[in-house]
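Nothing here was measured: the structure is a model prediction, and the numbers come from that model. In the text below, chain A, chain B and the rest are named by the order of the sequence lines, each starting its count at 1.
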Amino acid sequence: MNDFMQQALAAAARSAPPWLEPLQAQGREAWSKTSLPTRKTEAWKYTSLQALQKTFSAAPTQAAGSPLGDVPLPKLTGPTLVFTDGHYRSDLSTTELPAGLRLVRFADATSDQAERIAAALGSAILPGRHVFAPLNDATLTDGVFMDVPANTHIETPVHIAWLTTGQNESISVTQRLLVCLGENSGATLVESFANTATGGTAFTNGLTELLIGRGAQLNHYRLHLEQGDVVHIGGVHARQDADSVLNGFHLALGSALKRIDLVVDQQGPGAHSSLDGLYLPRGTETVDYHTCIEHAVPHCTSQERFRGIIADEASAVFNGRIHIHPQAQKTRAELSNKNLLTSNKAEINTKPELEIYADDVQCAHGATVAQLDPLTLHYLRTRGVPRDEAEVMLSYGFINELVEAVAQAELQAFLKPLLARRFARDSRLTRHIL
Amino acid sequence: MLKIDNLHASVENKAILKGLDLTVGAGEVHAIMGPNGSGKSTLGHVLAGRPGYTVTAGSAQLLGQDLLTLDTEERAHLGLFLAYQYPVEIPGVSNMEFLKASVDAVREHRNVPALDSVSFMKQAREACKAVNLDQAFLKRGVNEGFSGGEKKRNELMQMMLLAPKLCIMDETDSGLDIDALQVVADGINAMRSADRSFILVTHYQRLLNFIKPDRVHVLSGGRIVKSGDHSLALELEERGYAWLEDVA
């Protein structure tokens with residue numbers, strides 16, 4: 001084990017509920033046998049973990065009432081749980097729950113709930129698919145269990161905000177979320193990750209598991225708004241039963257390093273998975289999305305649309321794997337990845353990866369890399385639109401389709417100005433977008 | 001209004017315009033006709049400052065200002081409008097957002113007070129009606145999935161909202177059926193005024209049955225080889241262009 005790996009374990013706080021101890025022990029055991037991926041590991045070929053070679057320590061609890069500073073977070077009607085540096089903040093949270101919904105922190109779980117959580121945790125993660133999962137287990141002290149009983153439809157979105165406030169030293173934070181949707185239930189979940197304006201270095205090990213029952217529908221939004229020196233390595237692992245629907249929307253603004261793995265395991269016929277995603281690194285930031293849809297059974301569909309705008313000397317990776325198992329006949333899978341490079345030094349590595357073992361399937365994929373089209377830019381200018389404003393309009397236009405597709409209205413209203421301003425030096429340049 | 005002297009221009013090092021002279025007075029409508037490859041479209045693109053189109057000699061003045069030293073958007077602010085033969089599709093940018101950005105920029109530079117959203121919407125809806133375009137097109141991406149005729153009418157709508165001084169219509173009639181042609185011609189005729197001039201670049205005299213030009217020019221080999229009144233267009237329709245190449 002190298003320094004980082006040992007430190008990561010040492011940083012684990014010791015205040016976990018006793019029922020989590022077996023999981024922690026398993027995690028420690030597995031982590032001690034794990035080799036940190038290098039650039040020679042295929043799935044990490046374009047992404048270096050150099051940013052982890054620092055001393056990280058567990059973050060102290062933030063005092064209740066300590067101010068958050070200027071954190072850009074969506075304001076949503078509905079329950080909101082806020083964690084700062086891995087610690088729950090009751091003073092910032094709204095816990096009035098819609099009828100039927102259960103939202104339980106691991107630290108507060110009753111013994112029945114603890115039993116359910118312990119049984120389900122990790123079950124959505126296919127073996128060997130998440131290198132950092134054992135570390136997440138080993139350092140897990142608290143998390144959230146979202147439980148939607150069968151035939152229950154929750155209209156209001158559930159918002160969970162995971163923030164790092166940043167100390168002088170580098171901190172390490174473990175995030176875990178377990179979502180269970182019972183048969184024919186429905187819910188909307190928003191996860192936001194952000195750091196405060198004063199935020200320092202942080203390493204977030206994030207892990208979200210979605211267990212979506214037969215006929216259930218989950219609308220899942222995962223917003224990575226962290227900036228600066230934050231390193232986030234994490235993922236979403238979903239298991240879908242028959243006729244279930246997962247609508248995922250993923251956003252990553254850049255920071256020192258973000259590596260997000262999205263793995264969807266379709267285990268029941270008729271399941272549909274839709275993943276939209278945007279990544280917008282700039283400066284020297286790196287964002288890496290690895291997606292994988294496991295089409296394991298017949299009659300399932302998937303659609304992925306990822307768009308990236310990479311500026312300055314930033315780099316991005318998009319790897320979209322579609323794995324159609326031999327028995328998964330009548331699968332329909334679509335994957336589209338489009339990238340816009342706004343500088344000569346920006347870098348994108350995009351790879352659609354299709355593995356098809358069934359013969360009666362429809363599969364379409366495409367990846368493009370482009371710069372702003374000079375003739376389109378010229379066309380706008382012939383109508384009097386100044387060059388800098390035209391560039392902002394076209395950059396935003398490149399991702400607009402996916403923003404417009406965000407069905408949660410409050411969230412769309414939050415995202416539009418956030419993203420438009422991302423491309424503009426001054427607010428005049430976004431005045432016609434907003 | 002427009003004064004072009006001895007204009008030479010090339011595209012990818014190939015000379016296209018070779019000493020073009022043209023003077024268009026205020027309020028006049030000029031038609032430029034000519035065979036394929038004679039440089040008709042190039043003229044419009046050069047005046048609009050399209051990348052890749054290099055002026056190698058000559059001058060062009062609009063309202064007494066040297067057009068060729070201005071940026072593309074500055075030419076638009078001054079009053080130049082080029083209606084494209086093949087308007088560009090811009091998915092992700094709504095027609096409305098595009099029109100408002102254009103109108104605001106142009107008004108700002110002409111020191112005309114900005115339009116508030118309500119007045120702008122009113123004007124945009126009126127322009128839609130004038131060019132027989134459903135208002136739903138305002139919400140769609142610029143030209144995205146528009147038919148050929150819809151794109152041309154969208155160009156005309158932009159022209160109405162921007163109220164330019166010199167309008168260059170690059171083969172606006174191509175690909176239009178007779179009803180659409182009537183709509184476009186009505187739109188152009190309605191915009192004619194003493195302080196606005198038009199250059200109609202066209203292959204066919206058909207358009208000139210709807211919009212009566214003051215002058216007709218024949219462009220061939222990068223120069224204007226013959227000028228006349230409307231009767232020249234009729235003669236061209238009868239005799240084709242070949243006889244003029246002998247003149248040139």
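When heavy atoms are compared at a cutoff of 4.5 Å, Glu401(A) does not approach chain B at all. Heavy-atom distances place both the backbone and the side chain of Arg387(A) under 4.5 Å from chain B. With a 4.5 Å cut-off on non-hydrogen atoms, Glu155(B) touches chain A through its side chain but not through its backbone. Interface remark: Ile399(A) contributes no atoms to any contact with chain B (heavy atom separation under 4.5 Å). Contacts of Glu97(B) with chain A are made by both backbone and side-chain atoms, with heavy-atom separations under 4.5 Å. Heavy-atom distances place no part of Glu74(B) under 4.5 Å from chain A, backbone and side chain included. For Val103(B), no part lies near chain A; criterion is any non-hydrogen pair under 4.5 Å. Using a 4.5 Å cut-off between heavy atoms, Leu377(A) does not touch chain B at all.
Using a 4.5 Å cut-off on side-chain heavy atoms (C-beta onward), Asp104(B) and His432(A) make contact. Between Val142(B) and Leu380(A), the closest side-chain pair of non-hydrogen atoms is not below 4.5 Å.
Nearest approach of Arg50(B) to Leu375(A), heavy atoms of both residues: NH2-CD1, 3.4 Å. Residues Arg381(A) and Ala76(B) share a closest heavy-atom pair of O-CB, 4.0 Å.
The aromatic rings of Tyr379(A) and Tyr84(B) sit perpendicular, their planes meeting at an angle over 60°, well past the 30° parallel limit.
Annotation for His365(A): atom NE2 does not count as buried by contact number, only 12 or fewer foreign heavy atoms lying within 6.0 Å.
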